[in-house]
Asks: 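Sharing a structure, written as structure tokens. Questions coming.
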Amino acid sequence: MLTSDYFSYLSCKGGINLFIYYLIFFTLGTCLCSFSQCLGWRLAQNNNLTHQHRSICDNCQSPLSFQQLIPVWGSIWGPSCAQCHYHPSIWKGILEFLAGIYCSIITYIFPLDQAMVLIAYFTWANILLFEDYYEQAVSFFLFGSGLLILILYSFCFCHHFSFPDQPAIILILILTSCCLSQLLGWADFLLILFWILTWGSTLTCLNLLLASSCGLLYYLFIEDDKKSLAFFPCFFPGNFILLLFFPFY
């Protein structure tokens with residue numbers, strides 16, 4: 001079993017040991033992103049998570065081969081489906097690669113215990129991201145339990161909650177009116193409220209600006225049949241970037 005002391009030993013040795021140290025977390029990031037995409041899709045399709053053990057082709061539902069299950073390789077260079085010759089979108093492989101880079105950066109910036117907390121959050125957020133992308137809705141249990149753990153962790157261990165100031169209260173009232181007008185979902189509102197309490201109004205507004213920019217770029221450069229884009233896929237890219245500089249602990 002890999003322990004914190006072992007990773008600390010590797011990080012101090014340099015050279016090939018340091019390369020292996022970051023390669024482990026790069027591989028972990030790609031696997032977690034692949035897992036998040038699969039689980040998010042299954043939750044959106046209301047598939048039985050306990051009996052469907054193998055990942056399946058998006059087109060014909062046939063079980064994927066071992067090579068297609070390898071993160072990054074399976075989506076970019078791996079073989080097509082043996083049954084229908086369908087090849088998954090290259091974007092899946094790109095996202096898995098970026099997730100591996102992100103997890104490596106996290107372990108470079110933060111101590112191992114803090115990095116693991118962010119990686120756990122990264123996985124939870126990615127599952128919600130993909131579920132919301134496919135279904136434009138998120139699982140109440142998954143979202144609620146994850147948010148509750150975040151609140152308890154931030155409040156009990158970090159003491160990072162602050163009472164909303166006047167700009168934050170105005171922002172909360174605006175978001176509430178958007179929810180009542182059905183322009184924003186309540187899950188989106190609760191997540192934004194969490195960041196208002198931990199980050200404050202300034203960083204939360206910056207996060208919303210990044211989310212709006214991601215949505216605009218999506219519509220400009222990525223063709224899609226969806227008439228509307230779910231909020232979580234726009235919200236989390238900027239959120240992940242800000243966490244590198246302003247973690248919630």
Side-chain angles (χ1 to χ4, degrees), residues 36-37 39-47 118 120-156 158-243 245-249:
S36 300
Q37 292 185 57
L39 184 56
W41 182 84
R42 291 185 181 185
L43 289 172
Q45 300 297 320
N46 294 317
N47 283 345
L118 287 179
Y121 169 81
F122 177 76
T123 305
W124 170 76
N126 268 325
I127 296 173
L128 293 175
L129 184 157
F130 290 112
E131 183 186 10
D132 200 27
Y133 174 78
Y134 290 121
E135 184 66 15
Q136 296 198 356
V138 295
S139 167
F140 173 79
F141 175 78
L142 177 65
F143 174 78
S145 58
L147 188 61
L148 179 61
I149 292 173
L150 273 176
I151 293 173
L152 292 175
Y153 178 84
S154 300
F155 183 77
C156 297
C158 311
H159 307 288
H160 207 268
F161 275 96
S162 58
F163 188 79
D165 54 9
Q166 184 175 357
I169 294 175
I170 295 175
L171 179 58
I172 291 173
L173 292 176
I174 293 174
L175 294 174
T176 302
S177 64
C178 290
C179 288
L180 295 175
S181 304
Q182 297 184 343
L183 298 176
L184 190 69
W186 286 105
D188 309 326
F189 171 79
L190 291 175
L191 188 61
I192 297 173
L193 179 61
F194 170 77
W195 288 117
I196 291 175
L197 296 176
T198 53
W199 268 351
S201 57
T202 302
L203 287 178
T204 302
C205 287
L206 178 58
N207 203 356
L208 291 173
L209 177 62
L210 291 173
S212 302
S213 302
C214 288
L216 179 61
L217 291 174
Y218 180 89
Y219 280 115
L220 289 177
F221 297 105
I222 299 179
E223 296 181 2
D224 199 289
D225 295 333
K226 295 180 181 293
K227 295 182 180 180
S228 60
L229 182 62
F231 182 72
F232 279 16
C234 294
F235 182 72
F236 279 119
N239 179 255
F240 294 149
I241 294 173
L242 288 179
L243 279 177
F245 303 97
F246 306 97
F248 50 73
Y249 40 72

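For this chain, numbers begin at 1 and follow the sequence in order.
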Asks: Going through the distances and angles, do F240 and F122 end up as a ring pair (Phe, Tyr, Trp, His ring centres under 6.0 Å)?
Replies: CA-CA 8 Å; F240 294 149; F122 177 76; 4.9 Å; yes
Asks: Specify the closest pair of heavy atoms between Q37 and Y134, including all atoms of both residues, with the distance to one decimal.
Replies: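 Between these two residues, the closest heavy atoms are O-CE1, 4.1 Å.
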Asks: Provide the closest heavy-atom pair for I172 versus F189 in the form atom of the first, atom of the second, distance.
Replies: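 Closest approach of I172 to F189, heavy atoms only: O-CE1, 3.9 Å.
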Asks: As an exercise, state the distance from CD1 of I196 to CG of N207, rounded to the nearest 0.5 Å.
Replies: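 One gets 10.5 Å once the value is rounded to the nearest 0.5 Å.
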Asks: One pair to check against side chain to side chain contact (heavy atoms under 4.5 Å, CB included): L150 and W124. What are the steps and the verdict?
Replies: CA-CA 11 Å; L150 273 176; W124 170 76; 3.7 Å; yes
Asks: For I169, give me all partners under side chain to side chain contact (heavy atoms under 4.5 Å, CB included), at least two apart in sequence or on another chain.
Replies: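 I169 satisfies side chain to side chain contact (heavy atoms under 4.5 Å, CB included) with P164, L173 only.
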Asks: Counting N and O atoms only, with roles assigned by atom type, does the side chain of S181 sit under 3.5 Å from a partner on the main chain of C178, one being a donor and the other an acceptor?
Replies: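 A pair under 3.5 Å: no.
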Asks: Under 3.5 Å, sequence neighbours excluded: what are the donor-acceptor pairs made by side chains of residues 139-147?
Replies:
from, atom 1, to, atom 2, distance (Å)
S139, OG, L142, N, 3.4
S145, OG, F141, O, 2.6
S145, OG, L142, O, 3.3

Asks: Just jot down the side chain to side chain contact (heavy atoms under 4.5 Å, CB included) partners of I241, sequence neighbours excluded, or say none.
Replies: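 Counting only residues at least two positions away or on another chain, I241 forms a side chain to side chain contact (heavy atoms under 4.5 Å, CB included) with F245.
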Asks: Any idea which heavy atoms bring C214 and C234 closest together, and the distance?
Replies: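 Taking every non-hydrogen atom into account, CB-O, 3.8 Å.
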Asks: So, taking the atom named CG in L171 and the one named CD1 in I192, what distance separates them when rounded to the nearest 0.5 Å?
Replies: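 Interatomic distance, L171 CG to I192 CD1, rounded to 0.5 Å: 7.5 Å.
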Asks: Are the side chains of L191 and F232 in touch, meaning some heavy atoms are under 4.5 Å apart?
Replies: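 L191 vs F232: side chains touch.
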Asks: Can you list the residues that meet the side chain to side chain contact (heavy atoms under 4.5 Å, CB included) rule with L129, with sequence neighbours excluded?
Replies: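 In terms of side chain to side chain contact (heavy atoms under 4.5 Å, CB included), with neighbours along the sequence ignored, L129 is linked to N126, P233, F236.
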Asks: Rounded to the nearest 0.5 Å, how far apart are CG of L39 and CD of E131?
Replies: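 Atom-to-atom, L39:CG and E131:CD are 8.0 Å apart.
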Asks: Side chain to side chain contact (heavy atoms under 4.5 Å, CB included) between D188 and F235: does it pass, once the steps are laid out?
Replies: CA-CA 9 Å; D188 309 326; F235 182 72; over 6 Å; no
Asks: Going from CG on L242 to CG on L210, what distance comes out if it is rounded to the nearest 0.5 angstrom?
Replies: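 Answer rounded to 0.5 Å: 5.5 Å.
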Asks: Going from CD1 on I151 to CG on L197, what distance comes out if it is rounded to the nearest 0.5 angstrom?
Replies: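 Taking CD1 in I151 and CG in L197, the distance rounds to 8.0 Å.
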Asks: To the nearest 0.5 Å, tell me how far S36 OG sits from W41 CH2.
Replies: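 Separation between the atoms: 15.5 Å.
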Asks: What's the shortest heavy-atom distance between P247 and W199, and which atoms?
Replies: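 Closest approach of P247 to W199, heavy atoms only: O-NE1, 4.4 Å.
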Asks: Name all residues meeting the side-chain hydrogen bond (donor to acceptor under 3.5 Å, both in side chains) criterion together with N239; count only those two or more places apart in sequence or in a different chain, and write none if there are none.
Replies: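 Counting only residues at least two positions away or on another chain, N239 forms a side-chain hydrogen bond (donor to acceptor under 3.5 Å, both in side chains) with Y121.
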Asks: Return the set of residues passing side chain to side chain contact (heavy atoms under 4.5 Å, CB included) with P167 (not counting sequence neighbours), or none when no residue passes.
Replies: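 By the side chain to side chain contact (heavy atoms under 4.5 Å, CB included) rule, P167 matches D165, S201.
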